[in-house]
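Convention: sequence-line order gives letters A, B, ...; per-chain numbering from 1. Below, all heavy atoms of this structure are taken into account, side chains as well, without hydrogens, waters or symmetry copies.
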2 protein chains.
Amino acid sequence: MSKAEGSRNLQSKLRPIINYSLTDQVETKLLELFKKEDLRNGDAIPKENELCEAMGVSRTVIREALTRLKTIGLIDSKKNRGMTLTEPDLLIGLDKLLQPKILSEETLQDMFEMRLALEMGIAELVFSRIKPQDIIDLKAILKTEKDYKGDFEMDFEARFHGRIYAIARNNTLLRFQSMLLPIFKYVHDKGLKLKDEEIPKNYVTHTMIVKVLETGNPEKYRDAMKRHLKVHFDRTIKMRKLLE
Amino acid sequence: MSKAEGSRNLQSKLRPIINYSLTDQVETKLLELFKKEDLRNGDAIPKENELCEAMGVSRTVIREALTRLKTIGLIDSKKNRGMTLTEPDLLIGLDKLLQPKILSEETLQDMFEMRLALEMGIAELVFSRIKPQDIIDLKAILKTEKDYKGDFEMDFEARFHGRIYAIARNNTLLRFQSMLLPIFKYVHDKGLKLKDEEIPKNYVTHTMIVKVLETGNPEKYRDAMKRHLKVHFDRTIKMRKLLE
DNA sequence: AAATTATAATATGTAATACATAATACATAA
DNA sequence: TTATGTATTATGTATTACATATTATAATTT
């Protein structure tokens, strides 16, 4: 038996011991408390000093656990008003992380694909909620397309596709896609470097997409969007194969 | 001019002053530093005491800012090894928030819709990456369907649809959907209470979906999935109208 | 009496110091 | 040469004190 095997064997007998820090423990205890007490959005939570006494740890630890919960947007604190549970923002923190430089190629790829999937998948929602004003706005955006040439092309893309997302009347989704823009831009630019973009045969323009939104249905929209995004789909599929 | 109007008027002249806490400032300064120094995943960052001196604030403040960055998974700390930048997990913290009780109806609705959209949108990715083993696994899952009746039906749904997501070979997406399960279950259950579920005419069963995955194409898959999810689409569209 | 301004009380925010603890590097002994 | 002991170091925890913003209450003015 090799040394490594012996170590593995020993490990299976004596499971590695995990030492949760006090802060870890306090954090989970707090979450349990909120659940147990069935606290709802807006409810006050115990004061720091009360928590210290109740759990028998220093205020330092309590505050560190509370800081974590504040960071994920679960609680909110104000001087003298104490702390309250708050409607958490699911996308909080995401904007700080969604930077190409700090994410791995694989995660970037993941997010890029997620956006592509959403772009196709929102068809039903879009058509169920679209209003005349949406078409008017989109046409207005179309008129500005020629102004965005070269490096600013991405800005136009963002405006256009962002406006389509807005039709779905789903605020979380809308914000999510706008946060993804830097990544979209990065992966897009990177793809262009690999090989000059060639316009595919059945390319669907932005104008045609608006036309479909005006007169078509979800199926036609997806068909159009699929052609519109064809280069991106092709690229992401090729990239993923390279990662394997 | 009313009192409220006067206050608004005054406010437009004297913009409200926003007082960023020291922790806020340190946090942004740290992010700037990482960017400026072009630190990459795995690189060490200055020690707490160095940061104290450099910024002229107490270690308390430094640590609170660092705690925030740790919470969003941007840095990692180990005793004596100091702190290092780390590949952030985009979905960190999300599992603590994705609980029906603490989210508003609107956000729950948003997330539910997002999942529906993804379910439709992943078709291209799925068909570009599917392998024989995927079909084998799905068929195995199908055989267990009869075991999951009543309240456990949702577990089967999770297993089945989760396995489809897995075909897309997108880890972030896979984890995301699995985190959404509690919400899916909640909104689903709530919908059932409103009115007994009636099986629509062209309902597509799980077995049929597997068949399409085996022999069809993205378009046929989406068509099948759309019918399969019809009750959910109908409900979410109706719910959204109520919220307006 | 009503409205404004001063005062006190309170809970979070910040500071400073000391010590505990885990991980590493180095020294030491078998 | 290897395993064990020791020192060092940076983060983790504790304690105490004070600063500051907000609320409620009291005092003052008109």
Side-chain angles (χ1 to χ4, degrees), chain A residues 2-4 6-7 10 14 16-30 33 39 42-86, chain B residues 1-4 6-7 10-11 14 16-30 33 39 42-86:
Chain A
S2 79
K3 203 168 176 181
S7 170
L10 195 66
L14 302 164
I17 120 166
I18 24 185
N19 186 9
Y20 292 104
S21 70
L22 288 179
T23 304
D24 289 333
Q25 297 176 49
V26 169
E27 186 191 355
T28 51
K29 280 225 172 195
L30 284 174
L33 178 74
L39 295 184
D43 288 351
I45 66 175
K47 302 165 209 344
E48 293 180 350
N49 283 323
E50 293 173 1
L51 292 170
C52 292
E53 265 195 88
M55 301 206 221
V57 293
S58 75
R59 206 176 141 214
T60 311
V61 170
I62 296 287
R63 277 184 65 81
E64 184 158 338
L66 289 170
T67 297
R68 291 188 188 173
L69 300 184
K70 279 187 236 173
T71 305
I72 61 173
L74 194 60
I75 61 177
D76 196 32
S77 66
K78 273 177 190 158
K79 284 195 177 173
N80 192 40
R81 272 205 65 185
M83 298 181 164
T84 52
L85 272 190
T86 170
Chain B
M1 178 159 44
S2 79
K3 203 167 174 181
S7 169
L10 194 66
Q11 189 175 333
L14 301 165
I17 119 164
I18 26 187
N19 185 10
Y20 293 104
S21 71
L22 287 180
T23 304
D24 289 333
Q25 297 176 48
V26 169
E27 186 191 355
T28 51
K29 282 226 170 194
L30 284 174
L33 178 73
L39 296 184
D43 289 351
I45 65 175
K47 301 166 209 346
E48 294 180 350
N49 283 323
E50 293 173 2
L51 292 170
C52 292
E53 266 195 88
M55 302 206 220
V57 293
S58 76
R59 205 175 142 217
T60 311
V61 171
I62 297 287
R63 277 185 64 82
E64 185 159 337
L66 288 170
T67 297
R68 291 187 188 175
L69 299 184
K70 278 186 239 174
T71 305
I72 61 173
L74 194 61
I75 61 177
D76 196 32
S77 66
K78 274 177 189 157
K79 284 195 177 171
N80 191 39
R81 273 203 63 184
M83 298 182 164
T84 51
L85 272 191
T86 170

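With sequence neighbours left out, the salt bridge (charged side-chain N to carboxylate O under 4.0 Å, His left out) criterion links A:Arg59 to A:Glu48. Annotation: salt bridge (charged side-chain N to carboxylate O under 4.0 Å, His left out) contacts of B:Asp43 (sequence neighbours excluded): none.
When A:Ile62, A:Val26, A:Val57 are each tested for a side chain to side chain contact (heavy atoms under 4.5 Å, CB included) with A:Leu51, only one passes: A:Ile62.
Within residues 21-29 of chain B, the residues having any heavy atom under 4.0 Å from DNA chain C are, by residue number, B:Ser21, B:Leu22, B:Thr23. Heavy-atom distances under 4.0 Å link DNA chain D to B:Ser77, B:Lys78, B:Lys79, B:Asn80, B:Gly82, B:Met83 of residues 73-85 of chain B, given in residue order. Contact check of residues 52-69 of chain B against DNA chain C (heavy atom, cut-off under 4.0 Å) returns B:Val57, B:Ser58, B:Arg59, B:Thr60, B:Val61.
With contacts defined as side-chain heavy-atom distances shorter than 4.5 Å, the pair A:Met83/A:Lys70 qualifies. When side chains are defined from C-beta on, B:Val61 does not count as touching B:Met55, because their heavy atoms never get closer than 4.5 Å. Counting only heavy atoms from C-beta outward, the side chains of B:Leu30 and B:Ile45 never approach each other to under 4.5 Å.
Regarding B:Asn19, its CG atom lies at a distance of 13 Å from the C1' atom of C:dT12, rounded to whole Å. One interatomic measurement links the two molecules: OH of A:Tyr20 to P of D:dT13, which rounds to 15 Å at whole-angstrom precision. At whole-Å resolution of the value, CG in B:Leu51 and C1' in D:dA10 are 12 Å apart. Distance B:Asn49 CG to D:dT9 P: 12 Å, rounded to the nearest Å. The distance between atom CD of B:Glu48 and atom C1' of D:dT9, rounded to the nearest whole Å, is 12 Å.
Put simply, CD1 on B:Ile75 and OG1 on B:Thr67 are 8.0 Å apart, with the number rounded to the nearest 0.5 Å. One finds the OG atom of A:Ser77 at 7.5 Å from the CZ atom of A:Arg63 (value rounded to the nearest 0.5 Å). Rounding to the nearest 0.5 Å gives a distance of 9.0 Å between CG of A:Asp24 and CG of A:Asn19. Note that the OG1 atom of A:Thr84 and the NZ atom of A:Lys78 stand 7.0 Å from one another [nearest 0.5 Å]. Atoms CD and CG, from A:Glu27 and A:Leu74 in turn, are 9.5 Å apart once rounded to the nearest 0.5 Å. Annotation: the span from B:Leu69 atom CG to A:Thr71 atom OG1 amounts to 8.5 Å, rounded to 0.5 Å.
Within 6.0 Å of the CD atom in B:Gln25, the count of heavy atoms belonging to other residues, nucleotides or ligands exceeds 12.
Stem analysis of DNA chain C (Watson-Crick or G-U pairs, both distances under 3.5 Å, runs of at least three) returns C:1-30 with D:1-30.
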